[in-house]
Novice: 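Mind looking over this structure? Questions follow.
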Amino acid sequence: MNKIKIRIANENDAKALAEISAITFFETYAKRNNQNSIKEHIRKYFGENTIIKELKGRSFIWILASLNNNPVGYSKLKINAKPIGINANSIEIVRVYVLKSMIGRGIGKLLMGKCLAIAKNKKFKIVWLGVWKKKHRAISFYKKFGFCTYGFHKF
């Protein structure tokens, strides 16, 4: 039986993270948005050099999910990102993405579990995330982990 592996990523994973980030973002948003805008967003935020900088720094933690050494999903945490109106030790779950072909296999649950374990281990008081209001499946997923609506902002 093939087992999904979840681990904290390092600089050697930058290329794989760039690729899986681009694929999953495109799969998620391409149908509802301008193709050129999507491609520009991917170029700007999911480039290998951008990810290397984040992996080298202290502000982000990337988590990689793989099956048979092939990336199938990832998550990204931002340390001390504070939601509006909150001034406590907090961590943001910036992204939880899984390849469309792999959704429903528990990978998102494993990634979220790792995110929450890291938050607990590092003693963050608040764990929060933002989600597009049209991503009903994602909202339902987050509610299963106890997340609730705190506020709204423009994306």
Side-chain angles (χ1 to χ4, degrees), residues 2-10 13-14 16-34 37-38 40-42 44-47 50-51 54-55 57-67 70-155:
N2 296 325
K3 186 177 179 186
I4 303 296
K5 294 182 181 171
I6 307 291
R7 64 177 175 78
I8 294 176
N10 61 53
D13 298 311
L17 287 167
E19 290 172 359
I20 190 95
S21 296
I23 292 167
T24 55
F25 190 83
F26 193 84
E27 286 178 339
T28 303
Y29 295 106
K31 288 182 182 177
R32 295 184 177 134
N33 292 282
N34 175 286
S37 296
I38 292 291
E40 178 61 23
H41 186 87
I42 288 170
K44 185 174 181 180
Y45 294 104
F46 302 132
T50 300
I51 293 171
E54 290 183 0
L55 289 166
R58 295 179 179 226
S59 296
F60 296 97
I61 299 170
W62 288 74
I63 301 162
L64 185 61
S66 60
L67 174 64
N70 295 310
V72 293
Y74 76 99
S75 55
K76 177 181 170 182
L77 300 165
K78 185 174 184 183
I79 296 171
N80 289 323
K82 305 215 183 304
I84 296 170
I86 301 293
N87 193 24
N89 185 19
S90 61
I91 189 165
E92 178 185 7
I93 300 174
V94 180
R95 297 185 194 130
V96 178
Y97 283 94
V98 175
L99 289 173
K100 191 174 184 179
S101 63
M102 300 298 288
I103 290 175
R105 297 184 187 201
I107 299 165
K109 184 177 179 180
L110 292 170
L111 286 166
M112 182 60 81
K114 184 70 169 177
C115 289
L116 296 174
I118 288 169
K120 184 177 181 179
N121 184 42
K122 294 187 178 285
K123 297 181 177 26
F124 284 99
K125 301 272 187 225
I126 294 176
V127 180
W128 68 283
L129 54 85
V131 61
W132 189 24
K133 66 182 177 181
K134 293 184 180 183
K135 288 182 69 182
H136 303 291
R137 185 176 183 154
I139 291 168
S140 175
F141 172 77
Y142 296 135
K143 283 182 178 180
K144 290 177 185 174
F145 289 91
F147 288 90
C148 61
T149 301
Y150 172 78
F152 298 93
H153 68 91
K154 292 214 179 231
F155 178 67

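This chain uses plain numbering: 1 for the first residue, then up along the sequence.
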Novice: Start with the C-alpha gap between Trp128 and Tyr150, add the side-chain angles, then the distance that decides, and say whether ring-ring contact (aromatic ring centres under 6.0 Å, His included) holds.
Specialist: CA-CA 9 Å; Trp128 68 283; Tyr150 172 78; 8.6 Å; no

Novice: For Ser75 and Leu111, which heavy atoms make the closest approach, and how far apart are they?
Specialist: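 Smallest heavy-atom distance, with atoms named: OG-CD2, 3.8 Å.
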
Novice: Check whether any side-chain heavy atom of Leu116 sits under 4.5 Å from a side-chain heavy atom of Lys120, and report yes or no.
Specialist: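 No. Closest side-chain heavy atoms not under 4.5 Å.
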
Novice: When you look at CZ of Phe145, are more than 12 heavy atoms from neighbouring residues, nucleotides or ligands closer to it than 6.0 Å?
Specialist: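 Above 12, so yes.
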
Novice: Shortest non-hydrogen contact from Gly73 to Ile20?
Specialist: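 Here Gly73 and Ile20 meet closest at N-CD1, 3.8 Å.
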
Novice: If we only count heavy atoms from C-beta on, is the Ile79 to Ser59 side-chain gap below 4.5 Å?
Specialist: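 Sidechains of Ser59 and Ile79: no contact.
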
Novice: Measure the CD1-NZ distance between Ile139 and Lys133 for me, rounded to the nearest 0.5 Å.
Specialist: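 Spacing of CD1 (Ile139) from NZ (Lys133) equals 10.0 Å.
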
Novice: Grab the two heavy atoms, one from Val98 and one from Glu27, that are nearest each other, plus how far apart they are.
Specialist: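 Taking Val98 first and Glu27 second, the nearest heavy atoms are O-OE1, 4.3 Å.
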
Novice: In terms of ring plane angle, is the pair His41 and Phe46 parallel, tilted or perpendicular, where the classes change at 30° and 60°?
Specialist: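 Perpendicular: the ring planes of His41 and Phe46 meet at over 60°.
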
Novice: Measuring from Leu77:CG to Ile63:CD1, what's the distance to the nearest 0.5 Å?
Specialist: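 Answer rounded to 0.5 Å: 4.5 Å.
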
Novice: So, for Ala88 and Ile126, which heavy atoms are closest and what is the spacing to 0.1 Å?
Specialist: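 Shortest heavy-atom contact: CB-CD1, 3.8 Å.
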
Novice: Would you check, one step at a time, whether the test side-chain contact (heavy atoms from CB on, under 4.5 Å) holds for Tyr142 with Val131?
Specialist: CA-CA 9 Å; Tyr142 296 135; Val131 61; 3.9 Å; yes

Novice: Starting from the C-alpha separation in whole Å, work towards a yes-or-no answer on side-chain contact (heavy atoms from CB on, under 4.5 Å) for Thr50 and Tyr45.
Specialist: CA-CA 7 Å; Thr50 300; Tyr45 294 104; 5.7 Å; no

Novice: Identify the heavy atoms of Gly47 and Ala18 that sit nearest to each other, and give their distance.
Specialist: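 Closest approach of Gly47 to Ala18, heavy atoms only: C-CB, 4.2 Å.
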
Novice: Distance from Ile61 atom CD1 to Ile93 atom CD1, nearest 0.5 Å?
Specialist: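 Between Ile61 CD1 and Ile93 CD1, I get 11.0 Å after rounding to 0.5 Å.
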
Novice: Under a 4.5 Å cut-off applied to non-hydrogen side-chain atoms, are Ser90 and Val127 in contact?
Specialist: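 Contact flag for Ser90/Val127 side chains = no.
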
Novice: Roughly how far, to the nearest 0.5 Å, is OG1 of Thr24 from CD1 of Ile103?
Specialist: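 Between Ile103 CD1 and Thr24 OG1, I get 9.5 Å after rounding to 0.5 Å.
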
Novice: Could you state the interatomic distance from CD1 (Ile51) to OG (Ser21), rounded to the nearest 0.5 Å?
Specialist: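 Those atoms lie 4.5 Å apart.
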
Novice: What I'd like to find out is whether the side chain of Leu64 reaches to under 4.5 Å of the side chain of Leu17, using heavy atoms alone.
Specialist: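 Yes. Closest side-chain heavy atoms under 4.5 Å.
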
Novice: Kindly indicate whether the side chain of Phe26, heavy atoms from C-beta on, has any atom under 4.5 Å from the side chain of Ile38.
Specialist: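 In contact.
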
Novice: Would you give the length of the straight line joining atom CG of Leu99 to atom OG1 of Thr28, rounded to the nearest 0.5 angstrom?
Specialist: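 Answer for the CG-OG1 pair, Leu99 versus Thr28, is 9.5 Å.
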
Novice: Run the numbers on Ile91 and Asn80 for side-chain contact (heavy atoms from CB on, under 4.5 Å), then give the verdict.
Specialist: CA-CA 5 Å; Ile91 189 165; Asn80 289 323; over 6 Å; no

Novice: So, the side chain of Asp13 versus the backbone of Ala16: is there a donor-acceptor pair under 3.5 Å, distance only?
Specialist: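 Absent.
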
Novice: Which atom pair, heavy atoms only, marks the closest approach of Glu92 to Leu129?
Specialist: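 Taking every non-hydrogen atom into account, CG-CA, 4.4 Å.
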
Novice: In terms of side-chain geometry, is the basic nitrogen of Glu54 or Lys76 positioned less than 4.0 Å from the acidic oxygen of its partner?
Specialist: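 A salt bridge links Glu54 with Lys76.
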
Novice: Return each pair, listed once, that meets side chain to side chain donor-acceptor pair (under 3.5 Å) where at least one residue sits in residues 94-107; pairs must be two or more places apart or across chains.
Specialist: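 Sorted pair list: Tyr29-Tyr97.
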
Novice: Is there side-chain contact between Val72 and Lys5, with at least one heavy-atom pair below 4.5 Å?
Specialist: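 Side-chain contact under 4.5 Å: no.
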
